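See structure below.
This structure is a prediction, so every number in the text was calculated from the model and none was measured.
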Amino acid sequence: MTSQAWYRDDSDENLYEAHVKQPPHYLTSQEVFVKSGVRLLKVDNCDDPEKQQKLREEGGYNHHDWLEISRDVLKDAYDEKLRAFYAEHLHKDEEIRLITAGSGYFEIRDYEDKWIRLHLKKGDLINLPPGIYHRLTLDTQNYIKMLRLFSEVPQWEAVNRPVGDTHPARQQYLGTISSPIAVN
């Protein structure tokens, strides 16, 4: 089974908690894709360097780096980094992340602009299409490590909402996601 997914409640208190909308509405990976274009996969042996290399080669990802988030790792920059990751934003490029340790929450907007919360753990791979609004925070473990994969040299321009509403990547994304995606 891949990551867990559900519609998020509206509370901004204690972001490390699950925030499941009541009554609960859980989603399968297939439903997440249909509602957002986000792909979720499970990768066995995700911490094996040979497996990671194979993933890079098969996906055509020519660049990669690592992101590790915890108070111990980021020290004085921890609070500022978490605020930046949790600000609703988009990127002009796809975003591919393989969780290799720990866990956390990615939040994505569906085609109706509702928040879906994804609880990603070791072995989960997420592929966010360009132009989708999303954000990231930790869970109660307060630690996540991920391999970030890129097809080109990363630009790393996060465009926050509402400025991103007119961004070309957002407009292109909306053109493909204004209703549920058909699955063959």
Side-chain angles (χ1 to χ4, degrees), residues 3-21 32 36-40 43 46-47 52 56 61-110 113-171 173:
S3 59
Q4 296 175 305
W6 56 86
Y7 277 101
R8 189 193 191 289
D9 68 19
D10 295 327
S11 173
D12 282 329
E13 292 182 30
N14 194 357
L15 299 177
Y16 302 112
E17 297 298 329
H19 288 281
V20 179
K21 188 175 188 85
V32 169
S36 67
V38 171
R39 295 185 184 278
L40 299 167
V43 177
C46 68
D47 42 8
Q52 294 167 3
R56 290 193 299 269
Y61 303 119
N62 300 315
H63 303 277
H64 72 280
D65 67 13
W66 291 91
L67 176 62
E68 192 169 9
I69 306 171
S70 75
R71 192 170 293 283
D72 290 341
V73 172
L74 295 176
K75 304 204 182 317
D76 292 341
Y78 174 82
D79 292 322
E80 179 184 339
K81 286 287 189 190
L82 270 187
R83 273 192 300 279
F85 289 135
Y86 197 69
E88 185 175 2
H89 64 280
L90 61 82
H91 303 284
K92 70 175 187 145
D93 300 311
E94 71 177 335
E95 187 168 331
I96 303 96
R97 306 291 179 259
L98 173 62
I99 310 306
T100 60
S103 54
Y105 297 114
F106 268 84
E107 294 182 354
I108 59 171
R109 293 281 189 179
D110 75 358
D113 210 35
K114 295 177 185 171
W115 282 118
I116 297 174
R117 187 167 248 212
L118 309 167
H119 193 203
L120 302 184
K121 300 175 183 176
K122 183 177 179 177
D124 289 330
L125 183 136
I126 185 170
N127 184 326
L128 299 157
I132 187 172
Y133 279 120
H134 63 282
R135 56 192 184 187
L136 166 69
T137 193
L138 298 177
D139 63 11
T140 55
Q141 284 190 39
N142 202 23
Y143 176 76
I144 195 168
K145 183 177 181 181
M146 62 186 83
L147 173 63
R148 303 189 299 184
L149 302 170
F150 312 96
S151 54
E152 299 177 15
V153 176
Q155 300 288 316
W156 275 120
E157 179 190 355
V159 183
N160 289 355
R161 197 169 205 175
V163 175
D165 290 347
T166 58
H167 193 281
R170 179 68 179 165
Q171 297 307 307
Y173 172 75

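In this structure, the side chains of I96 and L98 stay at 4.5 Å or more apart for every pair of heavy atoms. Annotation: side chain of D124 is not in contact with side chain of F106 (no heavy-atom distance under 4.5 Å). Put simply, the side chain of N127 reaches to within 4.5 Å of the side chain of E94, judged on heavy atoms. Side-chain contact between L90 and L128 is absent, with no heavy-atom pair separated by less than 4.5 Å. For the pair S36/Y173, a side-chain contact is recorded, criterion being any heavy-atom separation below 4.5 Å from C-beta on. Within the 4.5 Å cutoff, the side chain of P130 has no heavy atoms near those of the D93 side chain. With a 4.5 Å cut-off on side-chain heavy atoms, H19 and S11 count as touching. Counting heavy atoms from C-beta outward, L149 and R56 have side chains that approach closer than 4.5 Å.
To the nearest 0.5 angstrom, I144 atom CD1 is 8.0 Å from L67 atom CG. Summarising the geometry, atom OG1 belonging to T100 is positioned 7.0 Å from atom CG belonging to D47; distances are rounded to the nearest 0.5 Å. From S103, atom OG reaches atom CD of Q4 across 10.0 Å, with rounding to the nearest 0.5 Å. The line from CG of N160 to CG of D165 is 11.0 Å long, rounded to the nearest 0.5 Å. Here T137 contributes atom OG1 and N14 contributes atom CG; the two are 9.0 Å apart, rounded to the nearest 0.5 Å. S3 contributes atom OG, which lies 5.0 Å from atom CG of L120 (distance to the nearest 0.5 angstrom).
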| task | Assess whether side chain to side chain contact (heavy atoms under 4.5 Å, CB included) is satisfied between V32 and R39, documenting all intermediate values. | result | CA-CA 7 Å; V32 169; R39 295 185 184 278; over 6 Å; no
| Please walk me through it: do L147 and W66 pass side chain to side chain contact (heavy atoms under 4.5 Å, CB included)? | CA-CA 5 Å; L147 173 63; W66 291 91; 3.8 Å; yes
| message | Run the side chain to side chain contact (heavy atoms under 4.5 Å, CB included) test on F85 and L138 for me, step by step, so that the C-alpha distance in whole Å, both residues' side-chain angles and the decisive distance to 0.1 Å come before the verdict. | response | CA-CA 10 Å; F85 289 135; L138 298 177; over 6 Å; no
| message | C46 vs Q52, test: side chain to side chain contact (heavy atoms under 4.5 Å, CB included). Steps then yes/no. | response | CA-CA 7 Å; C46 68; Q52 294 167 3; 5.7 Å; no
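Residues satisfying the salt bridge (charged side-chain N to carboxylate O under 4.0 Å, His left out) test with R97, not counting sequence neighbours, are E95. Not counting sequence neighbours, the partners of Y7 by the ring pair (Phe, Tyr, Trp, His ring centres under 6.0 Å) test are H25. With sequence neighbours excluded, the residues that form a salt bridge (charged side-chain N to carboxylate O under 4.0 Å, His left out) with D79 are R71. Shown here are the salt bridge (charged side-chain N to carboxylate O under 4.0 Å, His left out) partners of D9, two or more places apart in sequence or in another chain: there are none. Residues satisfying the salt bridge (charged side-chain N to carboxylate O under 4.0 Å, His left out) test with E107, not counting sequence neighbours, are R8, R117, R135. Under the side chain to side chain donor-acceptor pair (under 3.5 Å) criterion, Y78 pairs with Y16, N142, sequence neighbours left out. Partners of V163 according to the side-chain contact (heavy atoms from CB on, under 4.5 Å) rule, which considers only residues two or more places apart in sequence or in another chain, are V159. In this view, Y61 satisfies the ring pair (Phe, Tyr, Trp, His ring centres under 6.0 Å) rule with no residue, not counting sequence neighbours. When the ring pair (Phe, Tyr, Trp, His ring centres under 6.0 Å) test is applied to H134, the partners found at least two apart in sequence or on another chain are H89, H91. With sequence neighbours excluded, the residues satisfying ring pair (Phe, Tyr, Trp, His ring centres under 6.0 Å) with Y105 are H119.
Shortest non-hydrogen contact noted between I116 and A5 is CG2-CB, 4.3 Å. In plain terms, the two heavy atoms of D12 and L15 that are nearest each other are O-CD2, 3.6 Å. Shortest non-hydrogen contact noted between T140 and E17 is CG2-OE2, 3.6 Å. Here the shortest heavy-atom pairing between A101 and Y143 reads CB-CE2, 3.8 Å. In terms of heavy atoms, D113 sits closest to R170 at OD1-NH2, 4.2 Å. Of all the heavy atoms in P129 and V38, the pair that sits closest is CD-CG2, 3.9 Å.
Screening residues 82-91 for salt bridge (Lys or Arg N to Asp or Glu O under 4.0 Å) gives E88-R109, E88-R161 as the qualifying pairs, with residues at least two apart or on separate chains. For the salt bridge (Lys or Arg N to Asp or Glu O under 4.0 Å) condition, the pairs that include at least one residue of residues 136-154, sequence neighbours left out, are D65-R148.
Remark: the backbone N or O of M146 is not paired with any side-chain donor or acceptor of E68 at under 3.5 angstrom.
Heavy atoms from other residues, nucleotides or ligands lying under 6.0 Å from CG of D10 number 12 at most.
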